[in-house]
Amino acid sequence: MNGLDPHGPDASHIAGLFWLMVAIGGAIYVVTMAILVVALFRRRPRLNDSASRNDRAFIIAGGVIVPTVVLAVIAFATVRVTNRVTAARDDPVHIDVVGYQCWWQVVYPGTTAVTANEIHIPVGRPVELGLESVDVIHSFWVPDLAGKVDLIPGRRNTLSLQADRAGTYRGQCAEFCGLQHTHMALLVIADPPDTFDDWLRAQAKPAGSSSPVFDQATCAGCHTIRGTHARGDIGPDLTHLASRSTLGSVTVPNTHENLARWITDAQSMKPGSNMPPVELSPADLDALVAYLESLD
Amino acid sequence: MALLDRSITEEALETTWEDAPGVVGFLTSVDHKRIGVRYIYTAFIFFFLAGLQALVMRVQLAAPDQHVLGPQAYNELFTMHGASMIFLFNTPVLAGFGNYLLPLQLGTRDMAFPRLNAFSYWVFVLAGTFMYTGEFIGRAPDGGWFAYVPLTGKEFSPGLNLDFWGLGVLFVGISTTVGAINFIVTIFKMRAPGMSLNRMPVFCWSILVMGFMVLFAVPALTVATALLEADRIFGTAFYDPARGGDPLLYQHLFWFWGHPEVYILLVPALGMISSIVPTFARAALAGYTWVVTSLVGIGFVSFGLWVHHMFATGIPAQAMGFFSAASMTIAIPSGILIFAWIATLWRGTVRWSTALLFVMGFASIFVLGGITGVMVASLPFDLQAHDSYFVVAHFHYVLVGGVVFPIFGALYFWLPKMTGRLLSERLGTWSFWSMFVGFHTGFFPQHILGLLGMPRRIYTYDKGLGWDLLNLISTVGGFLFGVGVLLSLVNWWRSRSGTPAGNNPWYAEGLEWTTTSPPPHYNFAVVAPGAPAGDLEGALDRATPVTADLDAVPERAMEVPEETYVPFVAAVGLAVILVGLLVEKVLIGGLGIAVALAGIGVWTWRTSEDAS
C-alpha cells in the first residue's frame, strides 16, 4: 500500500504531480527559511531612508509575484492530471462496490457473480467502479492504483482505475464509518485477462450443494449462498467463500481455525462487527466449516 | 468630567471599578481583564485534557495490534480531542486574549458590552462542561469532531453520545457569536479618541477580521447541528436520503463554517505575531497596510474554500476546479505576511526572547503546513491524501504551528502584563525546544504514513504494512511535545513569584504597555487626554468614551455597567434548556426557558433604564 509506488496510470499521474509539488514546495521552503535566518542573524548596517520602499519591493516579490507564478504552474499541472484521472475510459470493465458497516459487497453487473471484500480485475484494462452505500458514508481507497472516492447513501459515484501489473493491492476504507472502520480493508487482485475470465465464470455459478446446518442456524437470515435457500442480504454473499483469501474484510486469513472462530466468536476478532456469535454443537460446527470450505 | 480630570485620585477610581470580593465578585464581574484571563485559564484546562487524549491515542498507535484501547474508547478519544481543541481551546483562548487586550490596546476601560462579555464566558464554560459530562458518564461523543451524517443519525448512533456533541456545539456557537459582536462593536465604537482605524494595532485588526468571519461562518454550523439534532430528537429527515434528505447538505453546511474556522483561529494568531515580531526586531512593522489588507483578504478568500474538504464526495471535477484554485490563492496573503515579518526582522536588530522563539517556531512549522496545504488543494493529489495521515500531519502543522505556537509566544509576551510577573526565559527556552523538536518528530512522519496508505481514525493496524517504525517515532515526538507544554505550564505556575515585570518589560509599542502590570480595574486613569472637554462633559466615574467614524471622534461618555448576576443566570438558563433537550423532558426545557428569560428580561430592562 503506497501511493508513491504506483501500479496503475491513475496513481502514476498523481504520484508525478506529488513529486512536482514536493520539488517546488521544498525549494520554496528552503529559500524562505534561509532568508528568515539571514534576517535574524545578519550584521546590520545603519538604517537609511529607502528602507520602507525596499520593504515594499521585498514584500511584493516574496509575497505576491513568486507565489503567483508558482501557483500558476501547480494549477496547470493540477488541471492536466485532473483531466487524466477523471477521463472516460474505452471499454472498461464495470464493477459495482456497495459499502456496508463494515465490509464491501462486490457485484459484477451483467453476470450473477457477487462476492465481498476481494475485487478481481483484469490486468491492463480500465475498470470503472460504481460506488454506493446502504448505510453510512464509506470511502474506497486503494493507494497503489488510484485516489479515493466516497460511497454515499442515496448517490452513485464512479472511480476509474487500472492495474498495469498482476498482483494483490491492499486498500482500506478512508471515511470514518463506525466501530469497525479500522477493519474495513479490501484487496484488489489484478489477474491476467484469461485468469480473470475463468475466475468470473466460476464466481457466477451457484453453489454445488447446500448445508442443513447453514440453513437451520441463523446464517441464512443474513447470508446468501446462491443455489440454496439461503437468501439473506445483510452480510456478505458466501457462495464462493473458500475462493477468498481473507475473512472479515481482510481482518484475518481465511484458514480453517479462523473460520471456525469467526462463526462462534467474531466479536473477539472484529469487535463491533454485525456478525453475531453463533452457538453450535461441535459436530455442527465441524460440518458447517467443512461445508463452507467446500464453497470454492 | 472624570474621563478628562487628571486630578481625580486613583483610589477613587479603584473604589468605583473594583469587583466585590470572593465568590460574589467571581460570579458577577464584568471586568474584561478578569473575563479574559478566566477564558485563557479555562481554555488551557481543556487543552490539557485534549492533549492527554492525544497521548493516550499515540500510546495505542505506537505499535501494531495493540490493545490499550478498544474501538469505542478510541473513537471517543479522537472525537473529544478534536472537538476540545477546536471548540474549547483554540477558539476560546483567542477570545480570552482578545478580551484582555482589546480594551487595553484601544485605550478604553472595558468592552462595548461588558455584561454580554461575561455571558459569553459563562456560556462557553457551561458548554464545555456539558460536552465533557458525556465523557464522565460514559457517553462521550464518538462520531468524530465533524460528526458526519448518516453515521451520527439516530439509526446508527442511538445513544446520547452524539447529543452531547451536537447540543454542546450549538451552545458554544452562541458564546462565539456574541463574543464576535462584542469585539466588532468595541473596535468600531470604543477606540480612544483619535485612534483612527488606520493606526489601530494589527492585533485589533485581526480580532476585527475574526469577528466578521465568525458572524458569517458560525450560522452555518448552527444550522448544521440544529438540523442534526432535529433529525435526532424530533425525527425530521434533513439528512436522510431514504426520505428525501441529503447527507452532503450536512457536509456543505459544516465546512462552510469549518474551513473559515481554520482562519478564524489563524488570523488572531497572525495578529499576535505582528505585535511580537516588531517588538523583538526593535523596528516598526514593515508594510502595515499590506499586513492589514492580507488579514482582510484571508478573511474573504477563506469563505471560498470549503468544498476542498469534500473533493472525494464525487462532486463534478469542473466545479471543484474553482475550489482548488481558491484554496491555492490563500497562499498569497499568507506569503505577504511572512515576507512582511521577514522584512521587519531584516530592518531591525533582533533581541532574542522566548516569545520570539515561539514565533520563529511558528514560521518554520506554518510555512511547511502552508506548502502541504497547496498540495492538498490540488484535487488529484488530495484524492490520495484526503482522510489519510498526510492530512492529519498537514492540519497539525497549520493549527499547532500556526495557532498553538503563536499562543505560547503570546503567553510569554503578554502574561507578564496580566500577572505583573515575568516568566523564566530559561525554562521557556527549554519548553520551546522540547515542543519544537517534539512537534516535528511527532507530526512529520505522519505525512509519510499517509502516503503509505494509513487512513485516519483507525484504532489499530496490522503488522507488515510498513507503518510500525514511523508510528513509534510519532509517539515519541508526541510525548516530547507534551513535556515541552508541561514545562511552560510549570513556568506559568512558578511565575507567581517571578521577577516583577514593570509596565513595559519588552520596550514594546502599544497602549497596553503604558499602564501598570497588571493594569488597574479601570485600565487607564485618563482615557481621553486629547479630547475636547465639551464632548464628554458630565461623565461619571464609571464611564468610558464612545467614539465615532474612522477617525474615532469623541461622541459621548458611556456608563460601564456595574457587576451583575444577570449574565450568569441567563447562561445557566440556556444550559438547563440543553439538558431538557438532551433528556427530552419538556418540563426541564421549560424551566430553562423560564430562567433564561428571567435573566435576559432583567438585563434588557436595566439596559433600557441605563439608556434613559
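All figures in this text were calculated on a predicted structure; none of them were measured in a lab. Sequence lines set the chain letters: A, B, ... in the order given, protein chains first and strands last, and positions in each chain run from 1.
Identified by a heavy-atom distance below 4.5 Å to chain B, the contributing residues of residues 9-16 of chain A are A11(A), I14(A), in residue-number order. Residues of residues 267-277 of chain A lying under 4.5 angstrom from chain B, judged on non-hydrogen atoms, are P271(A) in numerical order. Below 4.5 Å, heavy atoms of chain A meet heavy atoms from Y148(B), V149(B), P150(B), L151(B), all part of residues 147-154 of chain B. Residues of residues 245-254 of chain A that come closer than 4.5 Å to chain B, counting heavy atoms only, are V250(A), ordered by residue number.
The candidate from L36(A), V149(A), T86(A) with the greatest count of non-hydrogen atom pairs under 4.5 Å with chain B is L36(A).
Between A174(A) and P455(B), the shortest heavy-atom contact is CA-CB, 4.3 Å.
K148(A) and D387(B) are not joined by a salt bridge, as no carboxylate oxygen comes within less than 4.0 angstrom of a charged side-chain nitrogen.
Of the possible donor and acceptor atoms, none in the side chain of D150(A) sits under 3.5 Å from a partner among the backbone N and O of G314(B).
Within the 4.5 angstrom heavy-atom criterion, atoms from both the backbone and the side chain of I137(A) approach chain B. For L179(A), the parts lying under 4.5 angstrom from a heavy atom of chain B are both the backbone and the side chain. Of the atoms belonging to A146(A), it is backbone heavy atoms, and not side-chain ones, that fall under 4.5 Å from chain B.
Taking the six-membered ring where the residue is Trp, W346(B) and F58(A) present tilted rings, their angle falling between 30° and 60°.
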